[in-house]
Each structure stands twice: as C-alpha cells, then as structure tokens.
Number of protein chains: 2
Amino acid sequence: MGKKNSNGPIKKAAAGRSSALSDWCRDYKGACYTFEESMEMARAFHGYPAPGLVLGVRMVSLAMAHLPEKTLFDAVTETRSCLPDAVQILTLCTVGNNWLKIMDLGRYAVALYDKTTGNGVRVGIDSQKLEKWPELYAWLFKTKTKHEQDSEALYRDIQNASESILNTKRIAIQPRHLLKVSQGAIDVCPGCGEAFPVAHGNICRVCQGDTPYRISDTARMEKPLKSAPSVKRVSAEQAVGRGLLHDMTEIIPGEKKARLSDTDR
Amino acid sequence: MGKKNSNGPIKKAAAGRSSALSDWCRDYKGACYTFEESMEMARAFHGYPAPGLVLGVRMVSLAMAHLPEKTLFDAVTETRSCLPDAVQILTLCTVGNNWLKIMDLGRYAVALYDKTTGNGVRVGIDSQKLEKWPELYAWLFKTKTKHEQDSEALYRDIQNASESILNTKRIAIQPRHLLKVSQGAIDVCPGCGEAFPVAHGNICRVCQGDTPYRISDTARMEKPLKSAPSVKRVSAEQAVGRGLLHDMTEIIPGEKKARLSDTDR
C-alpha cells in the first residue's frame, strides 16, 4: 500500500518472532528489515533518516521481542523527538488512535505494555556504555553541533553498537493510564458554530482564546494562497553585508524540509 | 516500502496537483487514492478504518490543494483523535519530526501552513450542513452509541457528503509557533544515570516523580514476560451472575485491538 513510501524494498514475508534480531528491526507482523531498509523507512515516513529514528526502530523491535506473542500492547515514549515515529512505523500504535502516548520526560526511551495487565518492557539508552562510541555519545549529549557531526561515523556507531548500549527493564504502567477517558457530550459552540466537547466550557477552547492562529473571516478560500517570495541566488561576494532571507539548509521543496537540526535526535 | 502495509494497492504514479480531487484523497507527492484505498490505508496505519480518519484524509488533501505548489508546510490538528494520523499518512509532517503539532482544542479541524510565512489554510466541518447526513451528524455529535451506529450508512454519508460539509479558511499562524525551540544542554541525571535536558532541573522529570510506570530494578529482562491470563470461554447461561474478565470487544490479537469506541472519531 502506498503511504508515502512507494520506492523502497518490498515488505518481506513475516518471519518467526524471537528476541534475537537477525536484521536491524522487525515490525509488529514479524517482517524484518535491514539497516539500510530501516534508513529508507525512516526517510519515507519522517522525511529523512534521523539517527534517533534509526536507533529507535531497533529499540522498539527489542521491546516487542520481550513481549509474549500476540500481546495487545500500547506504547509510551518518554520523548517527543523521533522515537514516537519509530513506534508508528513498526506497530499499530499511533497518536491518532491513542495507543501511543507521548510524554515529554526528556529521556530517550520507549515502553510497550500489555493493554490489559499494564505489564511491559522499557528500552532505554545506557549512557555508561556510550564511551566506546564517540559519535553516538556526541549525538546523545549534543557535544557537537550538527555541522561538526560526522554522519557516516554516527550511523556506523549506531549499527555497530546496536543493542550493546540499550537496556531493557520490566515496567508496570500506572492504572490511571489504562483508563479510557471519554470526551463526553458534544454540542455546537455558540461562538464559532463548530462541534466541541461540552466539558471544555460554555464555548470551545478556540473561542476562549486558545488558538494557534488567526482565522480569516472571509469565509471560503477562492483561490490558492500566494507562494512565499522567491529567493534570488547571489554569489557570496555579492551577499556580504546584505540581509539573509532564509537559513542555509538542505531544503528540497516537496521532499526534504531541513537539514538535521539541534532538536533532531 | 513495507511499513505495516504490504497488502494494499500499489501506489499510483504521481498525478498533477489541483484543487479538484478526482479520487478520494491525495498524498504530498500527488499520488491519488480511491475511497476504498483510503479505507485500506487507514486500516494499515491506524489499525482500523476509523470514520474520522477516512474523512480526515479528504480534509488534509483539500488543505494541500489550497497551498501553492512545493510549499514547505507544517501542520496543526485541533484534535488528538484520528486527524493527526490523516496528516501522517498523506504528508511528511509527523509528531516525531515536529512538523505536526497536535493541539487539544476539541474541534475536528486541520491546518497546513507555509513554514516560512506562517500563512496557510484550515479545513473544518461545517456543522450547519450536516442535517442532510444523519449518520455523519450522529457520529460528530455522538448522538448514537457505537452499537446503534450504522457503519455502512456512515461511510456512505462521508463519501457522498465529501467536501460539501467542509469549510476552508485562510489562517496566519502565530509567530511563536514558527520558532524552533532547542532542548538546550544534555547531561547525565544523577538519579537514574540517563541523559536528560538540563533545563528540566537538577534531576530528570522521571526522577522528580513524573513517571507513567513503575520500573523494575531487577535490571535486564532475562526472559519474555508472561502472557495475560487466558480466558475460558463459557456459554451465556453459565456466565450469569459471574464476574466479567474482559470487555466484549472485537479484539483480534496482533491485528485489531478494539471495536470502535466512544473516543474514536
């Protein structure tokens, strides 16, 4: 099926499930992917093969390997960066179906747990074991800027270090996270006329002022928006002393939005 | 490429981009999908073809059609339910790369905006126009339980109503949402020994008590977790007056986790 990823390798037949991973990662159906295929999956879903995502699919695979077969599991990531996408690439847990919860705890770790019992497994990075892998250390602790980073060495470190830098622990999810909370009754907001959960108040949260954008009142769009101003390319000499319209990234319109940034793990 | 979806239709060649959609939805590369293919994509990514997701891919496609070609866009959803997955299925904006922001505003709407200018388009549901589509109305306002819902009629309503129930407005994102915030310095947490952002405090947030689970101190997992207790099937007569171990869902282990619930849109 399509989903942003028509150019990659064909999905392999489901393999048996064990805690030893012969390939780099494995999805919830048991299909295995090499390191290179994992990079390609990351690019297709996430826009580029972020190092943290390439490591992340290994972490999720390891966690799945420690769950009993056919466990109906939910997922938690302790970071918002990259790792949620590793869960979404390999499992049916997504933010939209709420089987994946993202918690902004700042640690690069993922947990999968039986949705009935709350028992599961957490995979994190053992920072003590990173000394042998200088680029991986520099990436996790951000001791180098992206410009200083040696991407090839970093991917090599990730691949060679593999599970040796990960730790796996049993977890028991707090019962309140097993509860399914209903939105409750829905009504028409007297402010904007849209459907909203009554539990939010007399008017919807947007009409209460909690809005990320200004919405134009000129109703429907008649024609497409104008493009951003086009950029004139000039030589470095001509540019000296002039303003910079855009950051110097590796943007490829429609394909890739930015080079690896400080927040890309 | 694999990604949970090997059994669906092959992705079509990229088609031209216009605001008129001949098929049900279109991804960021211009590839089009029929209604049935969209259902299949929803099932492959999200676990089941949630009505809100099937409508959602149409909403995202409509929003994309109103952006100038090759716009580098970010996305915002005003709900956590389903719609974020429509964005992740059709575009490169994901939660993990932070090009998709999810705001819990309780309205079923999505906005895409130029990441440079902040100008974009929002697609929402016009609740005034739902009267002609009783199942769609019942779904949005939750006037029927899932048991009462006529799924076939609902999908038919979605397909037939299509864009007639959607509204499209220009938006300008607030400048603070265009800022890229760095995590800042990373250090080893003296509590747990894991890497964490120093901005979170002297110890990481988990060591501060903000944890969704109890982590076992017995270090590494030696063997897979035990399965949940198996359920003995008994006839309704035998069950009268006994406790219920599990809810009566349509769970299929490893494939489908639950029937459509009250929070599925």
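Order of the sequence lines sets the chain letters (A, B, ...), proteins ahead of strands, with each chain counted from 1. What you see is a predicted model, and the numbers here were worked out from it, not measured in a lab. Heavy-atom basis, side chains included; hydrogens, waters and symmetry copies ignored.
- Per-residue counts of heavy-atom pairs under 4.5 Å with chain A were compared for B:Ala185, B:Ser127, B:Pro84; the largest is that of B:Ser127.
- For B:Phe196 and A:Tyr108, the ring centers sit 6.0 Å or farther from each other.
- Evaluation of the side-chain contact (heavy atoms from CB on, under 4.5 Å) rule for B:Ala172 yields A:Arg214, B:Asn119 as partners, not counting sequence neighbours.
- Of all the heavy atoms in A:Pro197 and B:Gly106, the pair that sits closest is CD-O, 3.3 Å.
- Using a 4.5 Å heavy-atom threshold, the side chains of B:Pro212 and A:His177 count as touching.
- Neither the backbone nor the side chain of A:Gln208 has a heavy atom closer than 4.5 Å to any heavy atom of chain B.
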- request: Go through the steps for B:Arg122 and A:Glu194 under the test salt bridge (Lys or Arg N to Asp or Glu O under 4.0 Å), then give the verdict.
  value: CA-CA 13 Å; B:Arg122 173 192 187 271; A:Glu194 297 201 28; 2.9 Å; yes

message: Determine whether A:Tyr48 and B:Asn97 satisfy the following criterion, side-chain contact (heavy atoms from CB on, under 4.5 Å), listing intermediate values before the conclusion.
response: CA-CA 9 Å; A:Tyr48 54 95; B:Asn97 64 22; 4.3 Å; yes

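- For chain A, the nearby parts of B:Asp104 are the backbone and the side chain; heavy atoms of each come within less than 4.5 Å.
- Within the 4.5 angstrom heavy-atom criterion, only backbone atoms of A:Ile125 (N, CA, C, O) approach chain B.
- Listed here is the closest heavy atom pair of A:Leu92 and B:Arg43: CD2-O, 4.2 Å.
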field: Check against side-chain contact (heavy atoms from CB on, under 4.5 Å), B:Gln174 and A:Tyr213
entry: CA-CA 5 Å; B:Gln174 288 174 359; A:Tyr213 30 65; 5.6 Å; no

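- Here the closest non-hydrogen pair linking B:Thr94 and A:Phe45 is CG2-O, 3.2 Å.
- The choice from B:Met103, B:Arg205, B:Arg107 that makes the most heavy-atom pairs within less than 4.5 Å of chain A is B:Arg107.
- Interface remark: B:Arg80 contributes backbone atoms only to the contact with chain A (heavy atom separation under 4.5 Å).
- With a threshold of 4.5 angstrom between heavy atoms, B:Thr143 does not approach chain A through any atom at all.
- Side chain of A:Lys142 to backbone of B:Ile186: no donor-acceptor contact under 3.5 angstrom is found.
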task: Under the side-chain contact (heavy atoms from CB on, under 4.5 Å) rule, what do A:Gln88 and B:Val95 come out as? Steps first, then yes or no, please.
output: CA-CA 10 Å; A:Gln88 296 187 114; B:Val95 284; 3.5 Å; yes

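- Atoms OG and CD1, on A:Ser216 and B:Ile171 in that order, are 10.5 Å from each other to the nearest 0.5 Å.
- A:Asn98 does not touch chain B: none of its heavy atoms, backbone or side chain, sits under 4.5 Å away.
- The distance from atom CD1 of B:Ile173 to atom OG1 of A:Thr211, rounded to the nearest 0.5 Å, is 8.0 Å.
- Neither the backbone nor the side chain of B:Leu100 comes within less than 4.5 Å of any heavy atom in chain A.
- Taking all atoms of both residues into account, the shortest heavy-atom contact from B:Asp85 to A:Gly96 is OD1-N, 3.1 Å.
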